[in-house]
Amino acid sequence: MDRTRRDAEFREAFPLLHVRAYQAAFRLLGDQAAAEDVAQETLTRAYVHWIRLDERREGWVVTTAVNIVLDGFRRDKRWRRFHSDTAATLTTTVDAEDDEQTQRLDLQRLLAALPRRQRQVAVLRYLEDRPVREVADLLGCSTGTVKRHAARAAATLRTALGIDPATDPATEGA
Amino acid sequence: MFRHLDDPTPPQPTDLVVDRIVAEGARRVLRRRVMAGSTAAVLLALGVAGIAGALPGIQEDDNPVMNPGPDEVPRSSTTSSSSTTTTEPSTTTSTTGSGGTGPTTPGPDEGGDVFAAAIQKPNADVVQIVLANTTTNEVDRVLTEFPMIDRGGGCCVSFSDDRRYVYYVVEAGTFEEQTDMIWRVPTNGRDPEKLLAGTRPVVSPDGRTLLFLASGATGADLVVHDLAGGDERRLTPVADDVITSYGFTESGEIAFSRAAGGEISKLYQLNPGATVLTDARSIGPPAGSDNTTSWEISDVRARDNKLAVVQQTGGIGDQTEASLLYVDPTTGATVETLRLLGRDADVANGISGLQLSLIGPSDSPGPSTLYVVKGMEWIEVDIGTVLAVDW
């Protein structure tokens, strides 16, 4: 693919891919400027790998954006400590916005802990709310594979939803 | 379900921003071409020197490839046995050639063995719990079946060492209200029985204890359940910790991996009588691990009392590559490795002698196929779409 064609295709797809990358990052970060940085880095990488992405580029962009966020989460301990302190503060002053920020921090932590393939499935299935069939198409695997990873990831991720274990049916009798 | 976290007014990038991204992307493409040329030159030189085979797989692309060829299969590339006397884990890797062989047709002299699996019934959203074996390459018997739901299905099976029971999970409920139940089905044809609320069961080598995950106050608790008496202990991770995988060693100890506060997961071992997770002893990680690496224990019941660990690369780019490590639980030394080049393949929880079962490659289109790795060869076991397996 020559550069002219690559550029034309990329520019045409840019608006949709950018908003996908941006929202995926924003869900985890809750910060416009930081999410915009992640989206731009994601789209730059998408350009580099454009030839290979074909119809699965949307899934690629979303999972790459999340990976970039989580990579920063893992590497920057000072940044993580700052967010831990923030989370601790938030627990004392609970309102809807603070709840959301706490949930974002939980999501980062839990997604970072998931094995790679589980994380990809979890991001597309739960963070993006896409149907199993669509996730399978985006990742290029079977629906059975998606369900297998989704089931494992769900057990870990549900804590991010703030489900009270006392009322969680899954704990009854356990 | 996380849409409420969206930005209601996402920014619209200007043309200037798009131009800048395209320019930076083009610059990186050019740089990669230059680097790829340099790498090829180095590899050629090493090949001439006859040592190219000693290198692990080097690929140009360090980002996830979403469109691998349909014929991609897990390929074993490296294996070694490096006994070490140090207490620090170490890995010595050597290759025996250009990659794995196979697929080969399993023969009667290749150690075919009965195993339990969860498979997807052909052309139906139904999970079947079956017994199959690598000698006949067929399903011997369907033990039970249940509907596969949209959230998941057939995530886990655990085959007791005495071959009397297969433990499995029937997923139910929504993501927000999961009501997954652990069941077990006797292999003698009797009816399945519902056991507990929870997921990812692993039965102990003596068949007396069940290890599983259940929702707890700070996340998912690891529950140690006495199958005879019904007593159970909850091992609750401290806040921010996540238990990522677990199993039993041959001696009945609990081995598990735990990710602390978003860090990569690390390997631990715990006395089965322990009441708190903090009593666990750290075992890993092996040499070469860094913050781009995560661990997943596939099984810890190897007959030589080694822990089998899947090490997946992660971090930026997510190059799809998984390594299988055998870890000595006493010293933490890595005694053998098997690297799966190019694509990640989930390692199913099963080892039988030198056999290691893989489900995958999950990157490729089509069904999840079961592969059994024996030494440097792998064998495709054609029993349909495999969801989970245990030996």
Close side-chain approach of B:P13 to A:F14, heavy-atom, < 4.5 Å
yes
Side chain, backbone, both or neither: which part of A:Y126 has an atom under 4.5 Å from a heavy atom of chain B?
both
When you compare the side chain of A:R11 with that of B:D19, does any pair of heavy atoms fall below 4.5 Å?
yes
At a heavy-atom separation under 4.5 Å, does A:V19 approach chain B through its side chain, its backbone, both, or neither?
side chain
Return the minimal non-hydrogen interatomic distance between B:A26 and A:Y47, and the atom names on each side.
N-CE2, 3.3 Å
Portion of A:E36 that has a non-hydrogen atom of chain B nearer than 4.5 angstrom:
side chain
With heavy-atom distances below 4.5 Å as the criterion, would you say the side chains of B:P10 and A:F26 are in contact?
no
For A:W50 and B:V29, run side-chain contact (heavy atoms from CB on, under 4.5 Å): C-alpha distance rounded to whole Å, both residues' side-chain angles, the deciding distance at 0.1 Å, then the answer.
CA-CA 10 Å; A:W50 194 250; B:V29 169; over 6 Å; no
Here the pair of heavy atoms bringing A:V48 nearest to B:G25 is CG2-O, 3.7 Å
Taking it one step at a time, do B:R20 and A:E41 satisfy salt bridge (Lys or Arg N to Asp or Glu O under 4.0 Å)?
CA-CA 11 Å; B:R20 201 176 66 223; A:E41 172 61 21; over 6 Å; no
N/O donor-acceptor pair under 3.5 Å between A:Q23 side chain and B:D7 backbone
yes
Please state whether the side chain, the backbone, both or neither of B:E24 comes within less than 4.5 Å of a heavy atom of chain A.
both
Here the pair of heavy atoms bringing B:V22 nearest to A:R3 is CG1-NH2, 4.0 Å
Does the side-chain contact (heavy atoms from CB on, under 4.5 Å) test come out yes or no for A:H18 and B:Q12, once each step is laid out?
CA-CA 9 Å; A:H18 180 272; B:Q12 302 294 324; over 6 Å; no
Contacting moiety of B:V17, where chain A heavy atoms sit under 4.5 Å
side chain
So for A:R57, is it side chain, backbone, both, or neither that comes closer than 4.5 Å to the heavy atoms of chain B?
neither
A:D137: salt bridge (Lys or Arg N to Asp or Glu O under 4.0 Å) partners, not counting sequence neighbours
A:R133
Among B:I243, B:D15, B:I149, the residue with the most heavy-atom pairs under 4.5 Å to chain A is B:I149
Looking only at atom types and distance, does a side-chain atom of A:R104 sit under 3.5 Å from a main-chain N or O of B:L5, one as donor and one as acceptor?
yes
How far does CD1 of B:I21 sit from OG1 of A:T44, to the nearest 0.5 angstrom?
5.0 Å
